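This report concerns only the one structure given below.
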Amino acid sequence: MCGITGVLTASLPPEEKLRAMTDALRHRGPDDDGLWSDPAVGVALGHRRLAILDLSPAGHQPMASACGRYVIAFNGEIYNHLELRESLAEGGRVGAWSGHSDTETLLACFVAWGVKETLVRSVGMFAIALWDRAERRLHLARDRFGEKPLYYGWTRGAFIFGSELAALRQYPGFEREVDRDVLSLYLQFCYVPAPYAIYRHTYKLEAGCLLTLTPKDATESVSPAPFAPFHRATFVLERFWSLEEAVRRGAKDPIRDEREAVDQLEAALVRSVKLQSIADVPLGAFLSGGIDSSTIAALMQCQGGRPVRTFTIGFNEAGFNEAVHAKAVAKHLGTEHTELYVTSGEAQAVIPRLPQLYSEPFADASQIPTHLVAQMARGHVTVALSGDAGDELFGGYNRYFWGKRIWNRIGWMPRPARRALGGLIRQVPVGAWDSLGRSLPGARRIARLGDKAHKLASRLKTVDGVEGLYRSLVTEWPADASAVPGAVRLPTRLDDAAAVKGITEPEHRMMIWDTLTYLPDDILHKVDRAAMGVSLETRVPFLDHRVAELAWRFPLAMKLRDGQGKWVLREVLYRHVPRALIDRPK
């Protein structure tokens with residue numbers, strides 16, 4: 001896990017200015033730093049290193065290929081890099097290795113197979129900047145789901161890029177003009193959706209994309225924000241992996257047998273966890289006691305050896321505290337468990353650091369506890385596995401199994417009647433709704449029902465259809481009423497009807513949109529910044545793309561069943577953890 005920066009321009013600024021960009025990412029890589037440049041061309045790559053694999057100087061970056069053609073600055077991990085080395089050896093494509101880093105493996109693969117083919121073969125999380133000296137082309141690539149961030153943009157005749165906006169802001173004369181249209185999007189979603197960034201002429205590379213450009217493209221910015229695929233002369237933005245295509249392939253080859261589905265999912269997750277547990281530094285896992293994190297911790301512990309280190313944040317407010325459940329799961333699994341109960345003072349102390357941690361506006365309610373659990377874990381380990389993405393892949397959010405049910409009951413009502421119903425719901429106090437939620441039997445109990453009921457009520461007056469209800473639940477400001485005077489409404493992936501073409505179940509359509517938008521731009525953004533702020537690498541086993549592709553071979557009934565989500569994933573977990581420790585409201 002590292003931080004990368006770079007510049008492509010007619011005339012490079014002084015070295016100390018380039019180093020300032022790299023130094024702005026020191027928290028992402030406290031172990032080493034490097035800078036490579038070619039003033040004759042006007043290209044520079046910078047790197048901050050958090051050493052995870054090959055702690056020796058052989059892993060130093062930026063790194064050049066053995067043949068000298070490519071120079072790379074790489075952030076992330078290629079989990080199957082040993083398999084890639086075996087493939088290269090079988091083809092007689094490589095000689096002796098200098099070390100055992102995945103960076104060196106990537107370079108050899110680029111030489112042997114080319115850029116796009118290497119990305120397709122790679123299993124991992126990454127943000128890559130690759131300079132091709134032979135063709136004088138810069139390649140920027142981001143992993144399939146957007147685990148690792150990569151910003152780029154133009155300022156004063158230069159093309160600049162980096163892992164965080166903090167690096168771009170260090171470029172001499174960087175134009176920090178806030179894009180008011182993007183600000184309106186932020187107020188709508190509580191995060192800035194890709195490919196936008198908060199500054200004008202600055203963007204995020206979308207997940208699963210490869211951007212290629214030449215020095216000719218360094219002086220003229222692209223506007224409006226380019227969605228892949230996009231071509232402008234030598235500026236080419238393309239997808240090397242598509243969630244939509246994976247969904248359609250899965251729909252054509254469904255797994256109907258439930259036992260087979262559970263067996264295949266467990267095998268895929270075991271393989272993913274095993275690959276992502278490879279590190280030359282101490283490793284642990286976040287554990288909330290829920291289905292997703294408990295599954296990851298259980299499969300880590302099954303690999304044998306010493307007890308897995310697990311970490312949990314607790315709260316003294318009973319309605320928000322999951323630490324007691326995490327402790328019970330940890331005790332059953334036999335992990336070496338650490339928990340921290342957060343005080344209001346500890347939470348408030350993080351607030352002044354939020355602009356530094358997240359570098360652009362971000363309003364996820366769990367950003368503070370996520371940073372605190374990462375900070376606690378960093379005192380013991382350098383790498384932590386998380387259970388993120390289980391909700392999007394296996395149907396864990398309440399909106400998946402409540403949205404359609406609610407609309408079936410109220411959709412027949414005229415809009416004035418729905419508005420009146422919303423008013424009645426809001427007249428019942430939050431506490432009364434919470435009491436009702438707790439009184440429901442067993443796993444059907446709903447935590448914090450009051451907040452959810454009042455949020456639904458405020459949206460009943462405007463929505464039409466299940467998808468309209470979904471959109472209202474994932475936004476905080478109506479799309480047709482800009483919170484920023486004069487702002488133009490910008491399109492997002494939620495407006496891309498082609499993304500869900502041919503998918504008839506509204507629940508699956510919601511899951512696709514969440515994976516394309518909410519997952520990379522909120523969940524993964526939050527985890528990356530919260531953890532890298534304390535130099536902790538996080539890994540997400542559910543986002544091995546082979547696990548995700550398998551998930552889309554499961555019919556909806558294997559995800560949503562009996563008023564609950566994640567049926568097939570629960571069945572995997574029940575093989576390792578008693579059902580009684582898991583079946584409870586989230």
Side-chain angles (χ1 to χ4, degrees), residues 1 30-31 50-53 55 77 79 266 269-316 320-343 346 366 368-390 527-528 530-544 569-570 572-582 584 586:
M1 189 72 68
D31 298 330
L50 176 63
I52 302 294
L53 292 177
L55 309 186
E77 301 290 344
Y79 303 123
E266 183 174 31
L269 285 172
V270 166
R271 176 178 61 177
S272 177
V273 168
K274 183 176 181 179
L275 281 178
Q276 297 198 24
S277 295
I278 297 174
D280 295 335
V281 293
L283 178 140
F286 296 143
L287 179 61
S288 70
I291 297 165
D292 306 332
S293 65
S294 297
T295 300
I296 299 305
L299 297 181
M300 289 178 72
Q301 192 61 62
C302 284
Q303 294 182 25
R306 68 184 303 274
V308 172
R309 295 296 306 260
T310 53
F311 305 93
T312 296
I313 282 286
F315 301 94
N316 292 315
F320 295 86
N321 185 39
E322 294 181 318
V324 62
H325 306 300
K327 188 174 184 177
V329 172
K331 182 178 180 180
H332 173 79
L333 294 175
T335 70
E336 186 177 343
H337 191 57
T338 303
E339 60 183 13
L340 170 67
Y341 273 76
V342 178
T343 67
E346 288 170 321
S366 63
I368 292 177
T370 302
H371 176 66
L372 289 172
V373 74
Q375 183 173 267
M376 175 181 64
R378 186 62 177 94
H380 305 272
V381 300
T382 310
V383 177
L385 273 60
S386 84
D388 292 304
V527 174
D528 175 83
M532 290 312 298
V534 292
S535 305
L536 176 75
E537 172 171 302
T538 52
R539 299 178 177 180
V540 187
F542 285 119
L543 291 184
D544 181 315
L569 186 58
R570 289 173 185 268
V572 171
L573 180 56
Y574 295 153
R575 294 178 175 182
H576 303 273
V577 177
R579 186 185 299 260
L581 291 181
I582 299 300
R584 63 179 187 278
K586 186 170 182 178

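The structure displayed is predicted, hence computed values, not measured ones.
Within the 4.5 Å cutoff, the side chain of Arg309 has heavy atoms near those of the Thr338 side chain. Using a 4.5 Å heavy-atom cutoff, the side chains of Arg579 and Leu573 are not in contact. Within the 4.5 Å cutoff, side-chain heavy atoms of Thr295 are placed close to those of Leu269.
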Step by step, work out the side-chain contact (heavy atoms from CB on, under 4.5 Å) result for Asp280 and Ile52.
CA-CA 6 Å; Asp280 295 335; Ile52 302 294; over 6 Å; no
Step by step, would you call Phe542 with Leu569 a side-chain contact (heavy atoms from CB on, under 4.5 Å)?
CA-CA 11 Å; Phe542 285 119; Leu569 186 58; 3.8 Å; yes
What do the steps show when you test Phe315 against Glu322 for side-chain contact (heavy atoms from CB on, under 4.5 Å), and what is the final call?
CA-CA 8 Å; Phe315 301 94; Glu322 294 181 318; over 6 Å; no
Could you go through the side-chain contact (heavy atoms from CB on, under 4.5 Å) check for Leu50 and Thr382 one step at a time?
CA-CA 9 Å; Leu50 176 63; Thr382 310; 4.1 Å; yes
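Between the side chain of Thr312 and the backbone N or O of Leu287, at least one donor-acceptor pair lies under 3.5 Å. Between the Thr310 side chain and the Ala285 main chain, no donor and acceptor come within less than 3.5 Å of each other.
Residue pairs meeting the ring pair (Phe, Tyr, Trp, His ring centres under 6.0 Å) criterion with at least one member in residues 277-311, sequence neighbours excluded, are Phe311-His380.
Ala377 approaches Leu536 most closely through the heavy-atom pair CB-CD2, 4.2 Å. Here the closest non-hydrogen pair linking Glu77 and Glu537 is OE2-OE1, 2.8 Å. Nearest heavy atoms, Tyr341 versus Glu346: O-OE1, 3.6 Å. Between Ile296 and Gly387 the shortest heavy-atom distance is CG1-CA, 4.1 Å. Closest approach of Ser277 to Leu385, counting heavy atoms only: OG-CD2, 4.1 Å. Here the shortest heavy-atom pairing between Ile582 and Gly289 reads CD1-O, 4.1 Å.
Atom CD of Gln375 sits about 9.0 Å away from atom CD1 of Ile313, to the nearest 0.5 Å. The structure places CG of Leu581 at 14.0 Å from NZ of Lys327, a figure rounded to the nearest 0.5 Å. With rounding to the nearest 0.5 Å, the separation of SG in Cys302 from CZ in Arg575 is 11.5 Å. Here NE2 of His325 is found 12.0 Å from OG of Ser293. Values are rounded to the nearest 0.5 Å. Here OG1 of Thr370 is found 8.0 Å from CG of Asp388. Values are rounded to the nearest 0.5 Å. Atoms CE and NE2, on Met376 and His371 in that order, are 12.0 Å from each other to the nearest 0.5 Å.
Between the side chains of Ser535 and Arg378, no donor-acceptor pair is found at a separation under 3.5 Å. Counting only N and O atoms by type, the side chains of Thr538 and Ser386 include no donor and acceptor under 3.5 Å apart.
Evaluated for a side chain to side chain donor-acceptor pair (under 3.5 Å) with His576, the options Glu266, His332, Gln301 yield exactly one hit, Glu266.
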